[in-house]
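Residue numbering restarts at 1 for every chain, and letters A, B, ... go by the order of the sequence lines. These values consider heavy atoms only, across backbone and side chains, with no hydrogens, waters or symmetry-generated copies.
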Amino acid sequence: MSDDSSRTSGEDDHVTNDTEQAYWKANIRLLVTLMSIWFIVSFGAGILFRPFLDQFSLGGYPLGFWFAQQGSIYVFIVLIFFYTIRMKQIERTFDLDD
Amino acid sequence: MATQTLIYLFVGLSFAMYIGIAIWSRAGSTKEFYVAGGGVNPVVNGMATAADWMSAASFISMAGLIAFLGYDGSVYLMGWTGGYVMLALLLAPYLRKFGQFTVPDFIGTRYYSKAARVVAVICLIFISFTYIAGQMRGVGIVFSRFLDVPINLGVIIGMGIVFVYAVLGGMKGITYTQVAQYCVLIFAYMVPAFFISFLVTGNPIPQLGLGSTVNDGSGMYVLERLDMVLQDLGFGPYTEGSKSMIDVFCITAALMIGTAGLPHVIVRFFTVPKASDARKSAGWALVFIALLYTTAPAVGAFARINFIDTVNEQSYADAPEWFSNWESNDLIAFSDKNGDGVMQYRSGEPFAGSPNFTGETGPSGERLVDNAPNADSTNEVYVDRDIMVLANPEIANLPGWVIALVAAGGLAAALSTAAGLLLVISSSISHDLLKRTFKPNISERGELMAARIAATAAIFVAGYLGIYPPGWVAQVVAFAFGLAAASLFPAIFMGIFSKRMNKEGAIAGMVTGLAFTFLYIAYFKLWSPEANVAANWFLGISPEGIGVIGMLLNFAVAIIVSRMTASPPIEVRQLIDSIRVPRGAGTASAH
């Protein structure tokens with residue numbers, strides 16, 4: 001691949017069409033949902049609401065502490081893989097997958 | 001076999017493997033040198049990214065930091081993993097679709113401006129060198145402790161190894177050595193963690209062990225016991241921490257956004273075949289990183305419990321062997337303030353500063369220090385946080401081969417990150433500065449040669465910084481994340497998500513974010529360190545977290561300026577359309 005091939009390939013469909021716009025909207029909707037969950041588990045459960053959540057416990061973990069040091073990381077992984085799978089479906093719907 | 005022999009054997013074997021891989025995967029073209037040919041499998045790339053990302057600091061220092069910070073240590077755990085969500089969802093697939101070689105490449109092309117490219121190169125070089133100086137020092141320290149060589153010789157051996165695979169193999173060589181290094185480092189981290197979790201709680205899985213009860217028959221949970229013991233000794237409770245909520249919030253955010261803006265991490269997503277592979281690869285990277293990051297808080301807590309149990313109220317004469325081992329490496333000191341020969345471990349500093357050994361020994365045989373004792377605290381034990389991981393196997397009395405494994409793992413972590421950073425520095429110089437800015441007619445061969453020369457020069461600078469560590473390095477690690485968050489991240493993010501963002505806006509934003517963050521950190525860390533207390537901070541935000549405010553300023557200035565200046569040209573808007581859809585990322589070369 002030369003330096004520029006990725007930018008010049010498929011030159012004609014560069015004018016934004018309805019399919020691409022609908023695809024982009026679906027992507028943004030998914031992004032906003034997932035980034036909200038990302039914010040809620042880390043900054044929310046792990047920091048802002050930790051003092052409240054710490055009165056509950058998960059095994060020997062105070063719940064807020066668990067979110068801060070374990071739980072949010074597990075949720076992050078799930079978010080990325082969910083995004084990967086869902087985006088693939090959206091791309092197929094609009095016939096834009098790679 | 002003696003532990004020292006085992007260490008030589010493990011470290012020697014792992015080095016031989018890295019060099020073998022480097023020779024097998026030599027780079028023959030600039031594309032192989034910069035992005036490993038662009039055909040790396042996403043799972044393999046995830047593993048390489050994890051090794052690239054987890055530095056000597058993650059391997060050696062993080063568990064120790066958490067052990068001493070308790071809840072406050074969460075900023076590192078969430079910050080350094082949450083950034084991957086931002087990478088996977090907001091940046092990686094689009095940058096891969098863009099399909100160039102470096103981060104300044106994207107900024108320079110998207111903002112149709114050589115000035116923007118040069119600003120990005122300056123940010124990148126500054127961030128990378130700040131980071132790399134610490135890595136080389138880490139290599140030196142691990143060598144000197146485990147191979148019994150002077151720190152400087154350790155740095156030079158490290159330079160030699162990195163030279164072989166970074167200069168010869170470029171990104172291609174680095175990718176496959178990093179995969180090997182990931183396997184070494186994660187194995188080395190997990191084995192002692194399993195042992196220690198089992199010893200303390202009876203549950204060998206550290207992530208579960210930290211939520212279990214202590215094995216001493218008391219029936220108390222690990223965290224409950226730690227809270228109690230620490231409070232008895234005058235510390236704050238482990239699960240509450242002592243930083244203010246706004247500071248924890250901002251530091252976490254700065255580390256997340258900084259992670260998403262760090263050039264040596266971003267560039268790894270240029271190496272996979274397709275845009276969708278970049279998403280997948282970020283997911284796998286986080287899986288491999290999480291393995292260590294969810295283990296670290298457990299290792300930290302267990303090590304703290306073990307440390308207190310074996311050291312506090314123990315007479316120095318009966319101290320365990322590891323204690324004097326690390327004392328002879330200057331990382332532990334005992335200052336017998338009340339002269340009873342028994343070590344009292346309490347809250348507060350035992351004496352001012354880090355220990356300055358006089359060369360004489362005291363009545364109990366301890367190495368004497370001439371630091372001024374701290375009369376405000378009854379604490380008599382100085383302990384460097386870094387020993388928590390390195391000394392863990394010894395503290396828990398594990399066999400020699402585990403200690404040898406940890407030595408090889410620590411070196412793998414430091415070397416893999418150093419190599420990744422060297423590569424982004426050298427590719428920015430040869431590609432962005434030479435090929436794209438000052439010498440556009442350079443041939444492929446010439447550019448490849450320039451990349452190798454730049455990598456060699458960068459190794460020498462890094463080695464110099466490792467041997468003569470400038471005092472500011474330890475002070476300014478916050479720079480790397482703060483600056484990445486305040487300068488590179490917003491420029492890349494708006495480059496993808498805003499068609500209206502133009503070069504005037506982006507440059508004004510980057511310069512504002514950079515200048516604000518730089519001045520704030522430099523003021524509190526370099527110019528007036530005595531003023532670095534919460535009362536003086538802007539809104540109570542420490543220099544570690546200020547990158548977030550820098551980022552907000554960057555966004556605000558960029559948006560205002562872009563509204564007052566002309567829209568970007570039509571071909572740039574077409575470029576944005578093209579990077580937003582995954583189809584047509586270009587074919588990857590076979591491996």
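- Closest non-hydrogen pair, B:Gln207 versus A:Tyr61, comes out as O-OH, 2.6 Å.
- Of all the listed residues (B:Val287, B:Ile289, B:Thr213), the one sharing the greatest number of non-hydrogen pairs under 4.5 Å with chain A is B:Val287.
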Which side-chain N or O atoms in residues 78-89 of chain B pair as donor and acceptor under 3.5 Å with protein atoms at least two apart or in another chain?
residue: B:Thr81; atom: OG1; partner: B:Leu77; partner atom: O; Å: 2.7
residue: B:Thr81; atom: OG1; partner: B:Met78; partner atom: O; Å: 3.4

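- Counting heavy atoms of neighbouring residues, nucleotides and ligands inside a 6.0 Å radius, atom CZ of A:Phe82 does not exceed 12 of them.
- Rounding to the nearest 0.5 angstrom, the gap separating the CZ atom in A:Phe76 from the CG atom in B:Leu286 is 8.0 Å.
- Of the residues considered (A:Asp54, A:Leu48, A:Leu79, A:Leu34), A:Leu48 shows the highest number of contacts with chain B, using heavy-atom pairs under 4.5 Å.
- Taking every heavy atom of both residues into account, A:Ile47 and B:Phe249 meet most closely at CD1-CA, 3.9 Å.
- We find the OG-CZ distance between B:Ser74 and A:Phe67 to be 13.0 Å, quoted to the nearest 0.5 Å.
- Crowding of B:Tyr221 atom OH: a count of heavy atoms from other residues, nucleotides or ligands under 6.0 Å not exceeding 12.
- In this structure a side-chain-to-backbone donor-acceptor pair under 3.5 Å is present from A:Gln69 to B:Gly70.
- Of the residues considered (A:Arg50, A:Met87, A:Lys88, A:Gln70), A:Arg50 shows the highest number of contacts with chain B, using heavy-atom pairs under 4.5 Å.
- Heavy atoms of A:Tyr74 lying under 4.5 Å from chain B belong exclusively to its side chain.
- Note that the CZ atom of B:Arg580 and the CG atom of A:Leu96 stand 13.5 Å from one another [nearest 0.5 Å].
- In this structure, the portions of B:Ala253 lying under 4.5 Å from any heavy atom of chain A include both its backbone and its side chain.
- In terms of heavy-atom pairs under 4.5 Å with chain B, the best-connected choice from A:Thr84, A:Ile73, A:Val75 is A:Ile73.
- For A:Ser42, the parts sitting under 4.5 Å from any heavy atom of chain B are the backbone and the side chain alike.
- Heavy atoms closer than 4.5 Å to chain A are found nowhere in B:Met220, neither backbone nor side chain.
- Note that CD1 of A:Ile80 and OG of B:Ser281 are 10.0 Å apart. Values are rounded to the nearest 0.5 Å.
- A tilted orientation is assigned to the rings of A:Trp24 and B:Phe497, their planes being inclined by 30° to 60°.
- Looking only at heavy-atom pairs under 4.5 Å with chain A, the residue among B:Leu210, B:Val222, B:Val248, B:Asp105 that has the most is B:Leu210.
- Between A:Glu91 and B:Lys274, no side-chain nitrogen of the basic residue sits less than 4.0 Å from a carboxylate oxygen of the acidic one, so the salt-bridge criterion is not met.
- Between the side chain of B:Glu224 and the backbone N or O of A:Gly60, no donor-acceptor pair lies under 3.5 Å.
- Between the CG atom of A:Asn27 and the OH atom of B:Tyr94 there is a distance of 4.0 Å, given to the nearest 0.5 Å.
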